[in-house]
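These numbers were taken from a predicted model, which means no experiment stands behind them. All residue numbers in this chain count up from 1 along the given sequence.
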Amino acid sequence: MKILHTLKNAFFAATIIATQLSAIAQDVPVHKIIFASKPFSTNPTPQTEFAANTPIYGRIVLDKPLKEYCKNPGKHLSNVPSNYARFIGIAPENQFDEEGNEKYDPIIAITYEMYLTFADLEKKHIDFDVMPKTEEATTEYSSGLAFYRSFADEGTDVINKKCHYGIKLYSEFNESNADIMGLKASGDLYIDFTKSNSTTQEAWAAQCRKAQTLAGSNALKNASKGATEQAKSLPLPTCFTFPQHKGYADPKYSAANITAMIKQKFGVTELLNLTFDKPDAENDFRSLVDASTNEPSHKMGNHVFYFAFKDADGSYRFSGGVLKMDYEGYGKYGQAYIFPYSPIQGEERFPIDELRKQNGVYGVFVFDGSKLPAKK
């Protein structure tokens, strides 16, 4: 009886452990990488088989927003361009598995570092170009390294068969270089090279190389659409809820003249809601000096203003500014111009106007213009 009781206890203990392990296994998120012949923004049917010299696009499917895998998701990492937040490493799978068995066909293995925006971190998927069409490429990779170097490299022999490849998130690389923790994903694809030769391979590589050089400009064209959609979930910017204060007393800096300056600087024809904040002092300007020389450096306006405008594509932007005059010497100051002043008041993250930022115009954000109060 004692032996039977011991066996029963062991059975129950094993059952409990198995149940716990099953629960743990179910809690582990399953991520995957899927592929299609069209960008995933067009809702294509995923597929795993592709003919060489045809478009291929990828999507990493997550169980929660990418930011939840990132350390300090609001921080801009220093190893990416200023208009991005961080990068993520994507790489071909190893040819052999952990036991040394051949699992995939041989391939040039490079870690492709894809740049990510703050908006990308909010999503539960990551779209990326594998072998894109020139006009559809939008993924920017570090150092100009893109997947054509693995699949259509001119220096490799043409593989006269259907090849089995895998693509994965390089998790160890991402943890140590991008502070993206605990994120793994992989996916399989097949590329049929049976009709390929050196000429078609070189043509495929050239086309994808050209697509890579245009990816940045293509992405900027699409950025406005994505930012406009993102802004719909955000409230009216706080700066447009402030009481209206008097602006500059000098007629040279009247609201009408400042409006004209804004239109010229930002290349717009329709300005909305020019709002002056509470002044820093009664005078129009205050003089500042260079700390190292004790010589005058510039005059800064005491009247900060915020404004909105309708862009050429029908979407809305807002920004802020203050007048500034640089010291030219001999007691004279140059002509007043608009100096950027952030309109963000510590509220929700409004998407930045990336196109203007790339062109050197900073501090312009996208918002939902329908939330502006009606003119009285």
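Between the side chains of Asp368 and Ser370, at least one donor-acceptor pair of N or O atoms lies under 3.5 Å. A donor-acceptor pair shorter than 3.5 Å can be found between the side chains of Tyr337 and Asp326.
Residues Phe242 and Gln345 have side chains in contact (heavy-atom distance under 4.5 Å, counting atoms from C-beta outward). Phe151 is not listed as a side-chain neighbour of Ile56, based on a closest heavy-atom distance of 4.5 Å or more. Contact annotation: the side chain of Met114 never approaches that of Phe87 to less than 4.5 Å [non-hydrogen atoms, C-beta and beyond]. Between Asp311 and Asp353, the closest side-chain pair of non-hydrogen atoms falls below 4.5 Å. A heavy-atom distance below 4.5 Å is found between the side chains of Arg317 and Arg356. Here the side chains of Lys357 and Tyr362 are in contact, with some heavy-atom distance below 4.5 Å.
Remark: Lys210 engages no residue in a side-chain hydrogen bond (donor to acceptor under 3.5 Å, both in side chains) (not counting sequence neighbours). Residues meeting the side chain to side chain contact (heavy atoms under 4.5 Å, CB included) test with Thr200, sequence neighbours left out: Asn53, Ser196, Asn197. Under the side-chain hydrogen bond (donor to acceptor under 3.5 Å, both in side chains) criterion, Asn94 pairs with no residue, sequence neighbours left out. Every residue two or more places apart in sequence or in another chain was checked for a ring-ring contact (aromatic ring centres under 6.0 Å, His included) with Tyr57, and none qualifies. With sequence neighbours left out, the side-chain hydrogen bond (donor to acceptor under 3.5 Å, both in side chains) criterion links Lys246 to no other residue.
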Problem - Stepwise ring-ring contact (aromatic ring centres under 6.0 Å, His included) check, Phe318 with Tyr306 - result: CA-CA 7 Å; Phe318 74 105; Tyr306 310 104; 8.8 Å; no
Practice task
For ring-ring contact (aromatic ring centres under 6.0 Å, His included), just list the numbers for Tyr115 and Tyr84, CA-CA rounded to whole Å, side-chain angles, deciding distance to a tenth of an Å, and then say yes or no.
Solution key: CA-CA 6 Å; Tyr115 292 137; Tyr84 288 98; 5.3 Å; yes
Handout entry: Verdict with supporting geometry, Gln207 and Tyr148, side chain to side chain contact (heavy atoms under 4.5 Å, CB included)
Key = CA-CA 9 Å; Gln207 182 263 316; Tyr148 70 86; over 6 Å; no
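Cluster annotation: Ile352 and Val361 are assigned to the same hydrophobic cluster (Ile/Leu/Val/Met/Phe/Trp/Tyr, side-chain heavy-atom contacts under 4.5 Å, transitive). Residues Tyr333 and Tyr248 share a hydrophobic cluster, clusters being chains of Ile/Leu/Val/Met/Phe/Trp/Tyr side chains in contact below 4.5 Å. Leu274 and Tyr341 end up in the same hydrophobic cluster when Ile, Leu, Val, Met, Phe, Trp and Tyr side chains are linked at under 4.5 Å. Taken together through direct or relayed side-chain contacts under 4.5 Å among Ile, Leu, Val, Met, Phe, Trp and Tyr, Ile110 and Ile107 form part of one hydrophobic cluster. Note: the hydrophobic cluster containing Leu62 also contains Phe128 (ILVMFWY, side chain heavy atoms under 4.5 Å, direct or indirect links).
The list of salt bridge (Lys or Arg N to Asp or Glu O under 4.0 Å) pairs with a residue in residues 74-97, not counting sequence neighbours, is empty. Applying the ring pair (Phe, Tyr, Trp, His ring centres under 6.0 Å) test to residues at least two apart or on different chains, the pairs with a partner in residues 180-208 are His164-Tyr190. The salt bridge (Lys or Arg N to Asp or Glu O under 4.0 Å) analysis of residues 277-298, with sequence neighbours excluded, yields the pairs Asp280-Arg286. Sorted by first then second residue, the salt bridge (Lys or Arg N to Asp or Glu O under 4.0 Å) pairs that include residues 43-61, not counting sequence neighbours, are Glu49-Lys162, Arg59-Asp127. The side chain to side chain donor-acceptor pair (under 3.5 Å) contacts involving residues 37-46 comprise Ser37-Gln47, where partners must be two or more places apart or lie in separate chains. A side chain to side chain donor-acceptor pair (under 3.5 Å) check over residues 165-182, counting only residues at least two apart or in different chains, returns nothing.
In this structure, CD1 on Ile126 lies 13.0 Å from CZ on Phe40, to the nearest 0.5 angstrom. Here the CD-CG distance, from Glu140 to Asn218, works out to 9.5 Å after rounding to the nearest 0.5 Å. Note that CZ of Phe309 and CD1 of Ile262 are 9.5 Å apart. Values are rounded to the nearest 0.5 Å. Once rounded to the nearest 0.5 Å, the distance linking SG of Cys70 with CD1 of Ile88 reads 7.5 Å. Taking OH from Tyr69 and CG from Leu121, the interatomic distance works out to 13.5 Å, rounded to the nearest 0.5 Å. Annotation: the span from Ile338 atom CD1 to Phe266 atom CZ amounts to 6.0 Å, rounded to 0.5 Å.
Residues Phe118 and His76 share a closest heavy-atom pair of CZ-N, 3.9 Å. When every heavy atom of Met261 is checked against every heavy atom of Leu323, the shortest pair comes out as CE-CD2, 3.8 Å. For the pair Ala152 and Ala205, the tightest heavy-atom approach, listed with the atom from each and the gap, is O-CB, 2.9 Å. Taking every heavy atom of both residues into account, Phe147 and Ile90 meet most closely at CZ-CG2, 3.7 Å. Taking each heavy atom of Phe240 and Asn273 in turn, the nearest pair found is CE2-O, 3.5 Å. Contact between Ile258 and Phe276 at its shortest, heavy atoms only, is CD1-CZ, 3.9 Å.
Residue Glu135 qualifies as enclosed at atom CD: its count of foreign heavy atoms under 6.0 Å is above 12. Atom NZ of Lys265 has more than 12 heavy atoms from other residues, nucleotides or ligands within 6.0 Å. No more than 12 heavy atoms of other residues, nucleotides or ligands sit less than 6.0 Å from atom CD of Glu98.
Listed for the Asn257 side chain is a donor-acceptor partner under 3.5 Å among the backbone atoms of Lys252. In this structure, the side chain of Ser319 engages the main chain of Gly363 through a donor-acceptor pair within 3.5 Å. Asp129 places a side-chain N or O within donor-acceptor distance of the main-chain N or O of Thr139, the cut-off being under 3.5 Å. With hydrogens and angles ignored, the 3.5 Å screen pairs a side-chain donor or acceptor of Ser342 with a backbone N or O of Ile344. Here the side chain of His31 pairs a donor or acceptor atom with the backbone of Lys184 at under 3.5 angstrom. Checking side-chain atoms of Thr111 against main-chain N and O of Ala91 turns up no donor-acceptor pair under 3.5 Å. Within the 3.5 Å criterion, the main-chain N or O of Ile108 finds a donor-acceptor partner in the side chain of Ser150.
Between Phe35 and Phe50, the ring-plane angle classifies as perpendicular under the 30° and 60° cut-offs.
When each of Tyr327, Phe339, Tyr253 is paired with Phe285, the ring pair (Phe, Tyr, Trp, His ring centres under 6.0 Å) condition holds for Tyr253 and for no other.
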Listing, residues 230-237 side-chain donor-acceptor contacts under 3.5 Å, not counting sequence neighbours, or none:
unit_1	atom_1	unit_2	atom_2	d
Lys232	NZ	Glu229	OE2	3.0
Ser233	OG	Gln230	O	2.9

